[in-house]
Structures are given as structure tokens and as C-alpha cells.
S.K.: 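To start, I am sharing the structure in question, which I have written as C-alpha cells.
Note on naming: letters A, B, ... go to the chains in the order of the sequence lines (proteins, then strands), and numbering restarts at 1 for each one.
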Amino acid sequence: MNFLELAETFARMEKTTSRLELTDHLVSILKKTPIDIIDKIVYLIQGKLGPDYESSELGIADKLIIKSLSLVSGRPITEIQNRYSDIGDLGEVAHNILTNKIQTTLIHQLLTIENVFDTLLKIANISGTGSLDVKLRYIVSLLNNSSNLEAKFIVKLILGNLRLGIANFSLLDAMALTFTGDKKNRRILERAYNVYSDLGKIALILSKGSIEDIQSISISLFIPIRPMLAERVSNPSEALEKIDGDALAEFKIDGERIQIHKKEKKIELFTRSLENVTSNFPDILTAFNKIETKDLIVEGEVVAINPANNKYLPFQALMRRRRKYDIQEITAAYPVILNLFDLLYYNGIDKTHIPLLQRRKLLVKIFGTQKITDKIKLIDQIKVSRIEEIENYTEKALKNGCEGVMIKNPSSQYRAGAREWAWMKLKKEYSGEVTDSVDLVVVGALHGKGRRVGKYGALLLASYDAEKDVFCTICKVGTGFTDNVLLDITDKLNKHIIKHKHPRVELGNTKMDTWFEPKIVLEIISPEITLSPVYTTAINRMKPGYGLALRFPKFTGKIREDKSAEDATTVKEIFAIYKGQLK
DNA sequence: CGTACCTGCGCC
DNA sequence: ATTCCGC
DNA sequence: GCGGAATGCGCAGGTACG
Ligand SMILES: Nc1ncnc2c1ncn2[C@@H]1O[C@H](COP(=O)(O)O)[C@@H](O)[C@H]1O
């Protein structure tokens with residue numbers, strides 16, 4: 001199958017935002033696709049080369065695409081960058097600058113889907129000295145052998161950013177329609193996908209077999225299950241309303257979610273996005289080896305602890321564990337514990353369909369009675385039925401270094417991949433009372449991409465250092481803007497553009513597209529302040545070489561027209577908030 | 001051999 | 001992670 | 001409400017480069 005056919009369909013899809021129409025286009029692609037490459041085309045549309053838990057990465061993103069486009073077109077990098085800033089999509093840039101290629105290149109053999117897929121596979125699998133050059137050469141050869149239309153979508157596929165408004169669920173709809181003629185079967189496909197997240201394989205099975213084959217896909221050990229997710233509630237009563245009778249409450253721990261698969265001595269660990277992280281946690285493996293079971297799949301949150309007092313450490317500490325080398329040393333330096341909160345599979349049986357309360361009972365049976373190491377514990381869980389009980393438990397969670405609680409429906413099944421009201425996250429922050437907002441000055445910006453073209457995508461913010469009369473960077477913010485407000489802010493900022501960073505701005509290690517005079521002040525909220533190796537607010541005050549940054553910053557929607565830059569929240573105030581949070 | 005840049009992936 | 005938008 | 005696509009911070013690893 002020629003890649004051009006795919007590209008032409010994509011081009012048609014760009015003209016609509018209707019999901020029904022988009023799905024129909026996908027159906028037309030899938031119908032045309034020979035069965036033996038159905039998996040490849042599905043992976044390509046997903047912007048991947050295989051499922052998350054086994055495929056390798058391309059190692060190609062914006063910068064390297066810019067370089068390849070420069071090589072192919074013979075134009076300077078800066079020109080490509082400028083066009084990128086203007087158009088906001090590198091595929092579009094390729095389309096524009098490679099326009100005259102069709103005429104200049106003599107009749108070339110049309111690229112096939114296999115050509116593209118296999119080349120990308122090669123790019124993903126090469127490494128070592130000189131590999132970047134080789135990767136670039138592969139991309140260049142793909143682009144040289146394609147029309148500008150094909151080039152556009154090759155670039156988008158490499159970047160995993162089709163921006164057509166289709167993703168996994170549209171693919172599921174399309175697969176249901178293509179192979180069974182009935183979109184209702186999408187639910188069946190979705191169920192299978194949630195326990196076997198390999199859409200390419202699912203497409204293969206379905207196209208060669210029938211919907212019954214998909215129905216018979218079940219949870220298997222060592223194939224990660226898409227994790228159940230939580231909806232957000234802003235207060236305890238909202239949570240209680242969603243549940244008949246008593247609810248269950250647990251701390252919401254700031255760590256990393258791990259799904260553990262075990263069968264006899266074999267153990268594997270998966271992250272929330274289904275990456276295999278078994279090698280990162282030898283200590284967890286050792287602990288699990290002591291658990292006497294035939295098999296199981298359980299889930300929990302790992303978190304770094306201070307071994308002296310067993311207190312939870314900040315997320316940053318845990319991140320030190322994500323490494324490939326010197327695992328022994330880092331394991332000793334950053335001990336963790338695993339807080340188990342669910343059980344999905346036990347003794348050869350899928351347990352996701354029994355109520356949470358019963359799953360918990362099983363967890364207690366397995367982990368509560370055995371002498372396990374201090375590495376693994378069952379997460380504390382209480383029954384709650386009144387608002388005050390939840391409030392108290394939230395307070396307790398905060399005292400323990402958590403940012404809120406999870407409220408769970410005791411009679412709920414484990415619904416893989418679903419974000420539903422069976423699990424609810426409640427953070428103090430959502431109530432809007434506790435977290436102070438801060439007012440920060442915009443000192444720089446990045447150009448927006450995709451739907452944000454022509455506006456700024458992210459704004460560099462700074463606090464005010466009253467002693468030195470300078471502005472210290474603290475974070476970028478890119479969320480919380482409605483399209484209109486962002487347009488408005490972009491206009492306002494454009495009146496203050498300057499050539500270089502303003503002399504009164506203390507810049508750390510941050511690259512921006514545009515600089516402004518410090519004038520516009522925005523109201524920002526953020527649940528937490530972290531130590532930062534790149535921002536300059538309160539630099540060296542806590543730790544040499546480190547300043548402070550906001551985690552999860554968001555714009556509240558309020559432009560503080562009433563404030564001048566010097567009225568922004570000061571470094572001193574930020575530092576005080578940080579200090580307060582350490583307690 | 002150290003640093004800079006880029007990429008991928010964790011995230012209450 | 002959070003947020004916004006079109007369907 | 002769903003699905004999709006914008007955007008945040010920090011860390012480690014890989015490669016290029018001086
Ligand atoms: N007790 C808990 N139960 C379930 N998830 C938890 C718990 N504590 C922390 N988490 C994490 O919170 C995440 C859901 O929050 P969010 O990603 O904000 O929707 C889960 O994926 C877990 O990693």
C-alpha cells in the first residue's frame with residue numbers, strides 16, 4: 001500500500017473536526033489496508049512503532065526534525081525555526097518548503113507504508129556514536145523520496161502529532177466499524193484494549209478473526225493493564241453524593257503508580273503509562289519474592305521515604321530512582337515503600353469484577369497476614385460517611401505530606417482504563433481556599449503550536465526581588481487560558497516586546513522565543529513549590545545552585561491590571577510559602 | 001573527559 | 001499533571 | 001461527558017562537541 005494514499009486521506013481529514021467524519025475517514029483507510037500491514041498502519045496512526053511496553057523510541061523530536069528539514073531543503077536552520085514559529089506545525093513547514101520537489105525530482109517510486117514503518121523502526125533501533133547522523137540520513141531519505149504532501153505527514157507521524165483530532169478511541173470506533181460493521185462493538189474492543197494495550201495486535205486479531213476472538217482476550221500476567229483513574233471533586237459532600245452509603249478514604253500519596261505482576265519467582269513492574277520499570281526497583285522485587293502466592297497483579301503507589309522517621313519525601317526524591325546505572329547505590333540512597341491499594345488478579349483469576357471491598361479483603365488476606373518487609377504495606381483505609389470524617393482525614397493526609405485523599409466507592413469494580421466516579425480525588429487546593437494565589441510578572445514567552453499558533457503557548461513568569469529590584473524567574477505557565485484570554489494577553493504582551501531579556505530579569509537556564517518588559521502581571525495558582533535547577537527565585541537560599549519553581553502552575557484567568565510589575569509577589573513571600581510547606 | 005543539548009517520561 | 005474546546 | 005490537544009516541572013540517559 002502506498003503511503004500517498006494514507007497521506008491523501010489525512011489531508012482530507014484535516015478539513016473537518018467532526019469525529020463522525022474523522023472516524024469514517026479512518027474506516028476508509030483501514031478498509032483499504034492489506035491485512036498483513038494492518039498493525040503497522042495502526043501503530044503509525046497512534047504515532048508509535050508498537051505498544052508502550054515493548055517498542056523502542058525514535059529519539060526524534062522538534063529539533064532533529066528542524067535539522068532534517070534544513071538538510072533536505074538546503075535552507076538555514078533559522079529559517080525553518082522562523083517558519084515553525086509562524087505556522088506552529090513542522091509538518092506544515094515541510095509541506096510549504098518542499099513544494100517544488102515534485103517538479104524537480106524525477107519520477108520516483110512511490111513510498112509504501114512498509115517503507116516508512118521499516119525506516120522508522122531502523123531509526124528507533126540504532127544507537128551509539130554517529131547514530132544521530134544516521135538517523136538524520138534516514139529521515140532525509142524518506143523526505144527526499146516523497147512529495148510534499150507525504151513529507152508533511154511523515155514529519156507529523158515521526159513527531160507523533162497528527163493533530164487531526166483522532167487518537168486511540170477514534171481508532172477503536174473505526175476498527176469496530178471496519179471489521180464488524182457496527183460501532184457498538186467499540187465497547188468490546190475498548191475492554192480488550194484496556195487489558196491488552198496493543199492496538200496493532202487487536203486490529204490484526206480482529207481482521208483475521210472475529211469479534212469473539214476479541215471478547216476472549218483476558219487479563220494476562222506480565223501484560224500491563226490500563227490503570228483505573230480518578231475523577232476530581234472539590235469538596236467532601238460532592239464525593240459523598242456520588243456514593244450510596246459509606247465511602248472509603250485513603251491518602252493520595254505523591255509518588256509513582258506501580259502495577260506489579262508476579263508469578264512464582266517472576267516479577268515485573270509497570271508504570272501508569274505501561275512502561276516496564278522492573279529494573280528500577282530491586283528492593284521492591286526482593287520484598288515481593290517473600291510473598292507466598294502462586295501469582296497476582298496488584299497496584300500501589302511507591303514513594304521515597306526518609307529512613308530515619310519513615311516520613312514521605314517529595315516526588316523529586318523518588319525521581320532519582322529512575323535510572324539505568326548504579327541502581328545499587330541509588331536504591332540504598334533513596335529507600336522507598338510501596339503502598340498497595342488494589343488487587344486485580346489472584347490465583348489465576350481476574351478479580352477486577354468483584355467489589356473493591358472484597359478486593360481489599362483479599363489484599364488483607366495476602367499481605368496482612370504474612371510477615372512482609374517494611375518495603376510493602378497496605379495503604380491505610382477508613383470508612384467514611386460524613387463530611388467531617390473526610391475533612392479530618394484530609395487534614396491528616398496533609399500533615400503526612402500528602403496533598404489530599406482518594407474517596408472510593410466500596411462496591412465498585414476495577415474498571416481498567418476508566419476515569420469514573422468510583423474513584424475520586426479530593427485535594428484541598430480544589431476548594432480554592434487554602435492555596436494562595438500568587439501574582440507574577442510575564443518576562444518572556446514561547447510561540448504557541450498547533451491550535452495556539454499566532455498566540456503565545458507558554459509564558460515565563462517572575463517574582464519580584466524588592467531588595468535587589470530585579471525579577472527572578474519562577475516557572476512557565478501554559479494552562480488556564482481560554483482561547484480568547486490568551487489572544488488578549490498575546491496582544492497586551494506584544495506592546496512590550498524587547499529584543500533581549502530585560503536587564504532587570506535574573507534569568508536562569510531557560511530558552512525563550514520572545515522577551516518582554518516586565519509589565520503584565522497574572523494571577524497564578526499552584527499546589528506546591530519545588531527546588532529548581534533552572535529558575536532563579538530564591539536562588540541559593542535553600543540549596544546551592546537551586547532556586548524555587550512552581551509545580552503544576554495554572555493561570556486563574558485574572559490579569560492583575562491593578563498591579564504594576566513591582567507589586568508582584570516577592571521572592572521573600574515565595575520563600576516563606578516554601579518554608580511553610582516544609583513543615 | 002566534562003558540558004551542552006535534546007529527548008522521553010514520571011508527576012499528590 | 002491541568003485546562004480548554006468541539007462534538 | 002468524552003476524546004483530543006494545548007500546556008507545566010524535574011530527572012536521567014544518550015550523543016555531539018570542545
Ligand atoms: N490511595 C490511592 N489510590 C489510588 N491512586 C492513588 C492513591 N494515592 C496516590 N494515587 C495516585 O493518584 C493518581 C490519580 O490522580 P490524578 O492523576 O491526579 O488523577 C493515581 O494514578 C495514583 O498514581
Side-chain angles (χ1 to χ4, degrees), chain A residues 16-22 52 56-64 67 88 127-133 135 160-170 172-173 230-232 251-258 271-273 275 277 280 301-303 312 314-326 330 397-398 401-406 419-420 425-430 446 448-453 455-459 461 474-486 509 511 524-535 546 549-555 557:
Chain A
T16 179
T17 51
S18 150
R19 277 203 60 214
L20 295 175
E21 267 180 64
L22 287 167
D52 295 316
S56 41
E57 301 302 324
L58 285 170
I60 305 287
D62 289 17
K63 301 295 154 98
L64 293 176
K67 219 165 166 178
S127 65
T129 307
S131 59
L132 264 185
D133 264 348
K135 287 185 186 210
N161 221 338
L162 238 26
R163 291 201 250 247
L164 291 173
I166 50 148
N168 293 346
F169 291 104
S170 310
L172 286 172
D173 278 342
E231 276 291 353
R232 201 167 95 167
F251 288 176
K252 188 172 199 288
I253 296 165
D254 186 9
E256 177 174 357
R257 183 168 183 166
I258 302 282
T271 66
R272 176 178 167 153
S273 63
E275 302 285 333
V277 287
N280 287 114
E301 189 89 357
V302 265
V303 57
Y312 296 148
F315 182 69
Q316 269 165 295
L318 179 69
M319 294 322 282
R320 305 296 301 275
R321 290 291 292 268
R322 298 186 53 235
R323 57 148 78 195
K324 197 165 156 185
Y325 305 107
D326 303 325
I330 209 75
L398 296 190
C402 302
E403 232 264 327
V405 293
M406 303 287 296
R419 189 183 289 282
E420 293 173 337
K425 47 179 168 174
L426 172 62
K427 307 188 197 178
K428 254 296 158 82
E429 176 211 345
Y430 303 148
L446 296 174
K449 319 236 191 309
R451 66 176 292 137
R452 298 246 178 120
V453 231
K455 303 171 210 161
Y456 292 113
L459 310 177
L461 302 176
I474 185 163
C475 71
K476 285 178 286 210
V477 65
T479 192
F481 311 98
T482 61
D483 289 359
N484 285 339
V485 170
L486 185 58
N509 202 348
K511 284 229 153 41
I524 305 293
I525 49 176
S526 149
E528 189 185 1
I529 298 174
T530 62
L531 281 172
S532 169
V534 298
Y535 294 110
Y546 282 77
L550 303 186
R551 179 146 81 135
F552 309 139
K554 28 190 200 223
F555 175 50

S.K.: Holding to side chain to side chain donor-acceptor pair (under 3.5 Å), I want the full list of residues that pass it with A:D254, two or more places apart in sequence or in another chain.
M.R.: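 A:D254 satisfies side chain to side chain donor-acceptor pair (under 3.5 Å) with A:R551 once adjacent residues are dropped.
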S.K.: Applying side-chain contact (heavy atoms from CB on, under 4.5 Å), name anything that partners A:L22, two or more places apart in sequence or on another chain.
M.R.: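 Here the qualifying residues are A:M13, A:T16, A:I166.
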S.K.: For A:L550 and D:dC9, give me the distance from atom CG to atom P, rounded to whole Å.
M.R.: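 My rounded result for the distance is 9 Å.
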S.K.: Could you go through the side-chain contact (heavy atoms from CB on, under 4.5 Å) check for A:R321 and A:E256 one step at a time?
M.R.: CA-CA 11 Å; A:R321 290 291 292 268; A:E256 177 174 357; over 6 Å; no
S.K.: If you find the nucleotide of DNA chain C closest to A:R419 and the one closest to A:D483, which residue's nucleotide is nearer the 5' end?
M.R.: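 That would be A:R419.
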S.K.: So, using side-chain contact (heavy atoms from CB on, under 4.5 Å) as the criterion, who are the partners of A:K455 when residues are at least two apart?
M.R.: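 In terms of side-chain contact (heavy atoms from CB on, under 4.5 Å), with neighbours along the sequence ignored, A:K455 is linked to A:D483, A:L486, A:L487, A:T490.
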S.K.: Looking at the side chain of A:K511, which of B:dG10, C:dT2, B:dC5 is the nearest nucleotide?
M.R.: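 Looking only at heavy atoms from C-beta outward on A:K511, the closest nucleotide is B:dC5.
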S.K.: Among D:dG10, B:dC11, D:dA6, find the nucleotide with the atom closest to the side chain of A:S532.
M.R.: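 Out of D:dG10, B:dC11, D:dA6, the nucleotide with an atom closest to A:S532's side chain is D:dG10.
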S.K.: Measure CG/A:N280 against P/B:dC9 and give the value in whole Å, please.
M.R.: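 One finds 13 Å between P of B:dC9 and CG of A:N280, rounded.
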S.K.: Would you indicate which nucleotide in D:dC11, C:dC4, D:dC9 comes nearest to any side-chain atom of A:Y535?
M.R.: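 Of all the options, the side chain of A:Y535 is nearest to D:dC9.
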S.K.: What string of B, S and - do you get for nucleotides 13-18 of chain D 5' to 3' if you count protein non-hydrogen atoms under 4.0 Å?
M.R.: SSSS--
S.K.: Taking side-chain contact (heavy atoms from CB on, under 4.5 Å) as the test, write out the residues that go with A:R323, two or more places apart.
M.R.: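 Only A:D326, A:I330 meet the side-chain contact (heavy atoms from CB on, under 4.5 Å) criterion with A:R323.
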S.K.: Tell me whether the OP1 or OP2 atom of C:dG6 has a side-chain N or O from A:T17 closer than 4.0 Å.
M.R.: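 For C:dG6, neither OP1 nor OP2 has a side-chain N or O of A:T17 closer than 4.0 Å.
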S.K.: Return the set of residues passing side-chain contact (heavy atoms from CB on, under 4.5 Å) with A:M406 (not counting sequence neighbours), or none when no residue passes.
M.R.: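 Once residues adjacent in sequence are excluded, the partners of A:M406 under the side-chain contact (heavy atoms from CB on, under 4.5 Å) criterion are A:A230, A:K252, A:K408, A:W423, A:K425.
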